[in-house]
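The model shown is predicted, which means the values in this text are computed figures rather than measured ones.
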Amino acid sequence: MPRTPLRDTTREAVLAAIREWDELGAESFREQYGYGPARVYQLRHDGQTYDSKAIVGVAQRYVSGQPLRPQVFSGGEQTVGRLLLRPGFEVKRSRTPDWTRDELVLACALVAQNGWKGPNSAKLTRG
């Protein structure tokens, strides 16, 4: 069966994928279709959040008969983000992990002490 372009994803297909997510639960849904947790973009619908890329990939099942595997398309703002905004869904950029203000201040202090290089390049010593 020929692959349907992402742009052909319909609101109804997205809603069907959301219902499937709700029925299976997040972990089972991801496991069944081979998706990991969303890193940046979340779909918000009826007060719930969903992994935007996983929902769009599975929505293809309701459009073309086959879900898309995560390796075959990008889940970024220019692809999944735009696609979900078009039929009126809300897409939120999330931070992973969801740090508190104090954690952010401490992380910035560490980076500043390290000459504004990332923490992976910091030489940690015992004090």
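R44 is not listed as a side-chain neighbour of V91, based on a closest heavy-atom distance of 4.5 Å or more. Considering only heavy atoms from C-beta on, L43 comes within 4.5 Å of I18 through its side chain. Side-chain contact between R69 and Y33 is present, with heavy atoms from C-beta onward closer than 4.5 Å.
For the atom pair W21 CH2 and Y50 OH, the distance stands at 8.5 Å (nearest 0.5 Å). A distance of 6.0 Å separates CG in L83 from CG in L6, rounded to the nearest 0.5 Å. Atom OG1 of T10 sits about 8.0 Å away from atom CG of L15, to the nearest 0.5 Å. Note that the NZ atom of K92 and the CD atom of Q42 stand 11.5 Å from one another [nearest 0.5 Å]. For the atom pair CG of L106 and CG of D102, the computed distance is 6.5 Å after rounding to the nearest 0.5 Å. The CG atom of D22 sits 9.5 Å away from the CZ atom of R19 when rounded to the nearest 0.5 Å.
Around atom CD of E90, more than 12 heavy atoms belonging to other residues, nucleotides or ligands sit under 6.0 Å away.
No single ILVMFWY cluster, assembled from side-chain heavy atoms under 4.5 Å apart, contains both V105 and V111.
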>> Before you tell me yes or no, could you show the steps for F89 and H45 under ring pair (Phe, Tyr, Trp, His ring centres under 6.0 Å), namely the whole-Å CA-CA distance, both residues' side-chain angles and the distance that decides it to 0.1 Å?
In response: CA-CA 7 Å; F89 289 104; H45 179 70; 5.7 Å; yes
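Shown here are the ring pair (Phe, Tyr, Trp, His ring centres under 6.0 Å) partners of F73, two or more places apart in sequence or in another chain: there are none. For Y35, there are no ring pair (Phe, Tyr, Trp, His ring centres under 6.0 Å) partners two or more places apart in sequence or in a different chain.
Between S74 and T79, the shortest heavy-atom distance links the atoms O-OG1, 2.6 Å. In this structure, G34 and P70 approach most closely via the heavy-atom pair O-CG, 3.1 Å.
Applying the salt bridge (charged side-chain N to carboxylate O under 4.0 Å, His left out) rule to pairs touching residues 46-68 yields E20-R61, R30-D51, sequence neighbours excluded.
Put simply, the side chain of E103 gets close to the backbone of T100: a donor and an acceptor are under 3.5 Å apart. Looking at S52, its side chain does come within 3.5 Å of a backbone N or O of Y41 through a donor-acceptor pair.
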